[in-house]
Structures are given as structure tokens and as C-alpha cells.
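Have a look at the structure below, then the notes.
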Amino acid sequence: MKQRYTAFFSVCWVMGIGMMLVSGCDTPEPMPEPTAGRLVFTQYTALGDGFTAGMRDAAPEYPDGYAGLHVQAQTYAYPALLAAQFGQVSNVTFTQHMTRDVGSGMRVLASLMPNHCGALDPIPAFDWKDAEPGWSLLPIAGTIIHNLGVPMLRLEDTDQDVVCQANPFFRRINTPGASQYEELVQAQDISFFTLWIGLEDMLAYGLRGGKGPVPADEDVFEAHLNRLILAATDSGRSQGIIGTLPDITRFPYFAAQMAWKPSPENCYVQKPLYIQDFTGEVRPALPGDRILLAARAFMEVDNRGLSPQSPIPDSLVLDQHEVLLIQRLTTAYNARIDSLVQRYNAAAPAPCLAIADLHSWFEEVYQGITEDGLQISGSYLIGGVFAADGLYLTPRGNALVANQFIGAINTFYPFRALINTLNPTDFDGVVFP
């Protein structure tokens, strides 16, 4: 796999009469050697939810389903990619409890219908692969699992016995027999950890069009995050990095859509959509509303969604009110992550927690960026970051997220580390049929 290095180059300046000339240097400074610095990666543990677990090819329109965890997805989970990079500068033991074949089930992109006169992206059609029998079985007794990503895990449920025990993804990695996620984390002998959690708190609400549990306020979020950090650091013995949360309302699954129907010219014209908002009112969709990707199936029948008599139901829409709620809480959560890390570093003998500003990076992605010559964006199917489910990450998306963690580690001076980043061109986006 190709590697990229942080390189430093010297520039030779030669002063001339009345002007400054730039002269090329014959011998550039040598590239610095990768190093773990002050970090100890021998017991690297990844903490988080479905994004940490490596979920992909899910069926978000069935938010109570379990599809999306399978071998292909787990192989390219960002913690697995990070562990490989850490292994270049340190001995690393990193174990994932791999599923067999299709794991908990997956959707496969089967075909793409042509776009309508260039007005829309191609429309995907999917095949379904049923879950592999026994996908949720425990690993061999005594096995220590280092990827503790648990799909559908909300931060506010990490200390809830009943909720954790009811989650099959929690049960399948719980070899210590812990009753809750916090206990599972505390049972690990962690030297370094990554933590990216809180997205499932937003998704539990958003995937149901605002009908799911409302995410906790920022005080509750901070209290649970603090408990989880304490469990991971074990009173300051370990170091780690925490990722901030992107705005999920800009994920392709929540992208605002309009409908296109035939015109007399045998092409397509734009038609307004009608939605039911959180108050039950029926009205035309506005730019601030988000129509869930699952609404496409609803709209394909009898022109539903194109008149006030057949609006898209509230469960398939995030209206402006609900979008603003998610965005406000996301901003508040990220502010609490920042302040909590600052307070923790100030109280510790030496700063030991870094922050990966994934929120800002995803904002750049939504606008479109270039990485190693690749055009990257948040566009559905063609952006390279989001999988065909419009929600979780492609292998390339995971590699790019891993690079954000690595970049934050490299620039956090107390760590004194220099880790190689990944080349995103080595990883697939959505693979088209």
C-alpha cells in the first residue's frame, strides 16, 4: 500500500541587486522518519458506534434492522486502517471479531437507472443478501476484542445494562461478560484509544424523520462522555484522540430531493413535493427540509408526494425544525468535547488527549475537495466518501477519516508522533455494477 509522508523542504533564497531570486536546492532535507513519539500503541482500542465498527451497505429505511456489518465492511473500518499505520512504528495487537461473509446482511448495488435528461443522479436498484447464520455468535472465550465499535449504540446508553444487553452487536464482542458498554471499556488494558461516538444518537432521531428518541441535551452528553473517557484512560494511564461530530443532516441519506416527471417534450420537469411536517401540517417542501432516501420507494407509487392529498409522511422527512434541532445539538456536543478535553489535559500530569476535528473536515467534503488528485464530495454514489446506503462510509471514506485522526495525532505536539497517512487512491468508493 502506498504511503505518504509529512515532508519538509528547504528553500534557498539568493539576494540580487534590487530583487530577490529563488534558487532551487540541489539536496532537499531528508524526510523525517515515522515515529510513535511518546505514544504507546501496543494496546490500541477503538471506541465508538457503527461508524467505528465499519458498518456499510446497510438498510437505514429499516432503522430497527441489523444489516450492514460484514467482512468487507469490517476489513476497511477506519480503526483497522489506523492499526496498520500504527504498526509501522510500534508493535500493535488489534483484533476485530470478524463476521462470516455477508455477516448481518447487506444490500448490494445491482443497477443504476439512467438519469432523467441530466437533471438527477442515476437512481440505484439494490439486491438483498440475507444474514449469515450465527453472525452474532461470541468469539472464542478469552479473546480480547480491540475494535469496540457497536452499531446502534447511543452515548447516553453506554451505562444502561438493559439497552446494551439487548444489542446483538454489543453481545458479540462482550467476551468479559460486562453488563454495559462502560464496563466493557474499563475491562480493557488500553494504552491508546480512538473515540468517535454520538452519531448514532443523532441517527436514532433522524432515521425516523424526527420520530425517534430526541438526542440528549449537551449536559447529559458531556456527563456520559466524561464517564467513558474515565473508563478508557483508567485515571490517566492511557492516551487517546476524540473525533468531533459531523452534521448528519448533510449526509446523502438526508439530502433534499425534488421529483421529476415527464413533460410533453418527453423530457422531465421539476415538480414540487408536498410533505407533512412535525406538527402534522401539509405544505410544499422548502429548501431547509430534508427528504429521506427511503422516501423514494414511497414516491414511486401513484405519484405520491406530488400533491397535498398524498404528502410524504413526517416519518420520511426531516423538516426545518428537526434539522435545526440536530444541527444545534451537534454544535453543542462538539463544544462540550472541546471543553472536556481541555479540562482533562489541564488536570493531567501531561496533555494526553487530542481532538480530530471531523466536523470541519466533513464541512469541507460537503463543498467538495481534492485528495491526491481525487475529487471528493458528499454527493450520493459519486462523491467517494459515502456508501450506497447514503449513510456509512466507503473504504475510501474510512481511509480519509483515518487520515484525519492521523493528521491530528501528528500535529498534537505533546504526542511527538509522526505516523504515515494513507493514500486514498488505494481504496474504493462506491463500486458500480
Side-chain angles (χ1 to χ4, degrees), residues 45-53 55 77-79 81-82 148-149 153-156 158 192-206 215-230 232-233 239-251 254 323-346 351-367 369 371 376 378 385-386 391-393 397-415 419 421:
T45 301
L47 314 177
D49 49 33
F51 290 83
T52 297
M55 288 280 279
Y78 75 83
L81 302 181
L82 284 174
L148 298 185
L153 178 70
R154 300 188 305 162
L155 177 59
E156 61 183 287
T158 51
F192 184 82
F193 67 91
T194 54
L195 172 59
W196 195 27
I197 194 168
L199 288 172
E200 302 277 12
D201 298 60
M202 301 297 181
L203 292 176
Y205 177 75
D217 66 37
E218 52 266 43
D219 291 334
V220 175
F221 176 88
E222 180 179 346
H224 282 88
L225 183 63
N226 183 52
R227 288 169 57 104
L228 197 54
I229 293 174
L230 290 173
T233 57
Q239 299 161 303
I241 183 168
I242 302 174
T244 59
L245 305 178
D247 175 7
I248 68 160
T249 69
R250 300 185 70 180
F251 284 13
F254 300 100
V323 168
L324 290 174
L325 172 65
I326 290 175
Q327 292 175 340
R328 181 187 67 78
L329 285 174
T330 300
T331 299
Y333 285 5
N334 287 333
R336 295 304 178 96
I337 290 172
D338 184 69
S339 63
L340 188 58
V341 168
Q342 288 189 39
R343 292 200 306 272
Y344 199 93
N345 282 337
C352 57
L353 290 181
I355 294 178
D357 189 2
L358 293 171
H359 180 272
S360 294
W361 180 75
F362 270 95
E363 290 298 310
E364 293 177 6
V365 167
Y366 302 144
Q367 299 300 320
I369 59 176
E371 289 274 353
I376 303 294
V385 173
F386 293 97
L391 185 63
Y392 293 102
L393 303 177
N398 275 289
L400 290 166
V401 165
N403 279 350
Q404 294 305 304
F405 276 105
I406 292 171
I409 290 170
N410 289 347
T411 56
F412 189 62
Y413 181 74
F415 286 169
I419 311 299
T421 54

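FYI, the numbering just counts along the sequence from 1.
- Between Gly206 and Phe254 the shortest heavy-atom distance is O-CE2, 3.4 Å.
- When each of Gln327, Glu200, Met202 is paired with Ile248, the side-chain contact (heavy atoms from CB on, under 4.5 Å) condition holds for Met202 and for no other.
- With hydrogens and angles left out, the side-chain atoms of Thr244 and Tyr333 include no donor and acceptor closer than 3.5 Å.
- The pair Glu222-Arg343 meets the salt-bridge criterion, with a side-chain N (NZ, NE, NH1 or NH2) lying under 4.0 Å from an Asp/Glu carboxylate O.
- A distance-only check finds a donor-acceptor pair linking the side chain of Thr158 to the backbone of Leu155 [under 3.5 Å].
- Of all the heavy atoms in Leu245 and Asn334, the pair that sits closest is N-OD1, 2.7 Å.
- To the nearest 0.5 Å, atoms OH (Tyr392) and CG (Asn398) are separated by 12.0 Å.
- The aromatic rings of Phe415 and Phe412 sit perpendicular to each other, their planes meeting at more than 60°, with 30° as the lower class boundary.
- With rounding to the nearest 0.5 angstrom, the CG atom of Asn410 is 8.0 Å from the OG1 atom of Thr421.
- Although no hydrogens or angles enter the test, the distance criterion places no donor-acceptor pair under 3.5 Å between the side chain of Asn345 and the main chain of Pro351.
- Look at Asp219 and Arg336 and you find a salt bridge, because one of the NZ, NE, NH1 or NH2 atoms lies within 4.0 Å of a carboxylate O, short of that distance.
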| task | Could you check Glu363 against Arg250 for side chain to side chain contact (heavy atoms under 4.5 Å, CB included), going step by step and ending with a plain yes or no? | result | CA-CA 9 Å; Glu363 290 298 310; Arg250 300 185 70 180; 2.7 Å; yes
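- Under the 3.5 Å distance criterion, with hydrogens and angles disregarded, a donor-acceptor pair is assigned to the side chains of Gln342 and Asp338.
- Leu153 contributes atom CG, which lies 11.5 Å from atom CG of Leu199 (distance to the nearest 0.5 angstrom).
- Of all non-hydrogen atoms in Asp49 and Gly198, the two that sit nearest each other are OD2-N, 3.6 Å.
- Looking only at atom types and distance, the side chain of Asp247 has no donor-acceptor partner in the side chain of Thr330 under 3.5 Å away.
- Summarising the geometry, atom CG belonging to Asp201 is positioned 7.0 Å from atom CZ belonging to Phe221; distances are rounded to the nearest 0.5 Å.
- Below 30°, between 30° and 60°, or above 60°: for Trp196 and Phe405 the angle between ring planes is above 60°, a perpendicular geometry.
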